[in-house]
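What follows is a single structure, written as structure tokens, with notes after it.
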Amino acid sequence: DKFNIRIKDQSVTKVTSHKLLGLHIDNCLTWSVHVDKICAKLRSKLFLFRSIKHLLTLDARKMYYNSLVQPIIDYCCSIWGNCAKKELVKIHKMQKQFGRLILGVKDLRSVSSVNIFKELDWLPVDERIKYFECVQMYNIMNGHCPPYLSSHFDNISGIQTRQTRQTENKILLLPKFSKHCGQRTFKFRGTKLWNELPSELKF
């Protein structure tokens, strides 16, 4: 395809991905490039951890993960978290490797990954993303974010004139998209998560 865009007599170069504020944005918004970058950083931390874990207590191992590993996964996860499930699986596998090393699990069949996550009080990466999206939606709906964010969400009370349980519970109007990819947007995902939250968590 021909690509010819000029801004102030400067030609804009077409690229497949670009790094902006630590996010690697690809031209199809699949976030596969960014996830690969995350996994590369996690492998580097994992290599170092394997070298020093015998010198660390259990608490120090947990601290290593919480301070040097988890922030890599958490950074802007509410943005890139709409990637395909196969991308999240890559990160989840890295989490499991760290969990086994922290707890000293040698036989992989002896302890399930579910029990490892429970023992360490961790959330899998997909649940962690949902948590941050819920926090973001709470801030948006309670006026703790700029208006340009809240303006993208429509409260159902603005459409219904009659007072119902939905209007009392701050239910949002779920946006409709002609294509399935629209359901990967933060607007759709955030609205769906917000509507599923118990009312006591919304105020």
Side-chain angles (χ1 to χ4, degrees), residues 20-35 38-39 66 69-96 99 112-203:
L20 178 65
L21 298 176
L23 280 176
H24 295 267
I25 307 171
D26 61 273
N27 57 348
C28 294
L29 288 180
T30 63
W31 300 108
S32 58
V33 175
H34 185 73
V35 171
I38 289 176
C39 290
N66 292 331
V69 179
Q70 191 66 62
I72 296 174
I73 301 173
D74 290 345
Y75 182 71
C76 290
C77 66
S78 58
I79 298 176
W80 60 262
N82 65 354
C83 61
K85 288 184 178 180
K86 65 178 182 179
E87 303 296 341
L88 295 180
V89 169
K90 298 177 184 177
I91 300 176
H92 185 67
K93 288 181 178 179
M94 298 294 294
Q95 282 185 300
K96 290 194 291 186
S112 68
S113 59
V114 174
N115 290 333
I116 289 175
F117 276 68
K118 285 184 178 180
E119 178 71 21
L120 294 170
D121 198 23
W122 287 358
L123 285 174
V125 60
D126 56 333
E127 294 297 325
R128 185 87 175 175
I129 290 170
K130 285 182 181 179
Y131 165 77
F132 279 102
E133 288 178 337
C134 286
V135 170
Q136 184 69 22
M137 284 303 301
Y138 176 88
N139 290 331
I140 289 172
M141 297 305 298
N142 286 278
H144 304 315
C145 285
Y148 72 83
L149 286 174
S150 57
S151 64
H152 287 283
F153 299 91
D154 300 314
N155 200 311
I156 205 168
S157 62
I159 300 173
Q160 292 185 359
T161 56
R162 188 161 50 92
Q163 192 76 3
T164 64
R165 183 178 298 176
Q166 287 184 325
T167 58
E168 291 176 355
N169 291 342
K170 290 188 176 183
I171 298 297
L172 297 174
L173 184 66
L174 191 66
K176 295 181 179 180
F177 296 96
S178 58
K179 295 184 178 179
H180 180 70
C181 60
Q183 297 182 9
R184 292 175 50 209
T185 62
F186 177 73
K187 181 176 182 178
F188 183 91
R189 289 160 55 90
T191 299
K192 195 170 184 294
L193 284 171
W194 177 261
N195 289 344
E196 292 172 352
L197 280 177
S199 57
E200 59 269 18
L201 297 179
K202 296 181 179 180
F203 300 92

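- Note that the CG atom of L174 and the OG1 atom of T191 stand 6.0 Å from one another [nearest 0.5 Å].
- Contact between Q70 and N66 at its shortest, heavy atoms only, is CB-O, 3.9 Å.
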Can you list, pair by pair, the side-chain donor-acceptor contacts under 3.5 Å of residues 116-128, counting residues two or more places apart and other chains?
unit_1	atom_1	unit_2	atom_2	d
R128	NE	D74	OD1	3.0
R128	NE	D74	OD2	3.3
R128	NH2	D74	OD2	2.7

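- C83 has its side chain out of reach of T30: every pair of non-hydrogen atoms, C-beta onward, lies at least 4.5 Å apart.
- Taking every heavy atom of both residues into account, C39 and M94 meet most closely at O-CE, 4.1 Å.
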Between W31 and N82, is the side chain to side chain donor-acceptor pair (under 3.5 Å) condition met? List the steps. CA-CA 8 Å; W31 300 108; N82 65 354; 3.1 Å; yes

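- When every heavy atom of I129 is checked against every heavy atom of G81, the shortest pair comes out as CD1-CA, 3.7 Å.
- Between L88 and W80, the closest side-chain pair of non-hydrogen atoms falls below 4.5 Å.
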Can Y138 and W194 be said to form a side chain to side chain contact (heavy atoms under 4.5 Å, CB included), step by step? CA-CA 8 Å; Y138 176 88; W194 177 261; 4.2 Å; yes

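- To the nearest 0.5 angstrom, M141 atom CE is 11.0 Å from L197 atom CG.
- Within the 4.5 Å cutoff, the side chain of H24 has no heavy atoms near those of the V35 side chain.
- The side chain to side chain contact (heavy atoms under 4.5 Å, CB included) test applied to S78 returns E133, not counting sequence neighbours.
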Step by step, would you call I38 with Y75 a side chain to side chain contact (heavy atoms under 4.5 Å, CB included)? CA-CA 10 Å; I38 289 176; Y75 182 71; over 6 Å; no

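- When every heavy atom of S32 is checked against every heavy atom of D26, the shortest pair comes out as N-OD1, 3.8 Å.
- Closest heavy-atom contact between I73 and Q95: CD1-CG, 4.0 Å.
- Residues H34 and I25 have side chains not in contact (no heavy-atom distance under 4.5 Å, counting atoms from C-beta outward).
- Side-chain contact between M137 and F186: present, with at least one pair of heavy atoms (C-beta onward) separated by less than 4.5 Å.
- Counting only heavy atoms from C-beta outward, the side chains of L173 and N155 never approach each other to under 4.5 Å.
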Side chain to side chain contact (heavy atoms under 4.5 Å, CB included), that's the test. Do D154 and L172 meet it? Break it down for me. CA-CA 6 Å; D154 300 314; L172 297 174; over 6 Å; no

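- With rounding to the nearest 0.5 Å, the separation of SG in C76 from CG in L20 is 9.5 Å.
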Would Q136 and C145 count as a side chain to side chain contact (heavy atoms under 4.5 Å, CB included) if you check the C-alpha gap in whole Å, the side-chain angles of each, and the deciding distance to 0.1 Å? CA-CA 9 Å; Q136 184 69 22; C145 285; 3.8 Å; yes

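- Residues C77 and F132 share a closest heavy-atom pair of SG-CD1, 3.6 Å.
- Other residues, nucleotides and ligands contribute more than 12 heavy atoms inside 6.0 Å of the CZ atom of F153.
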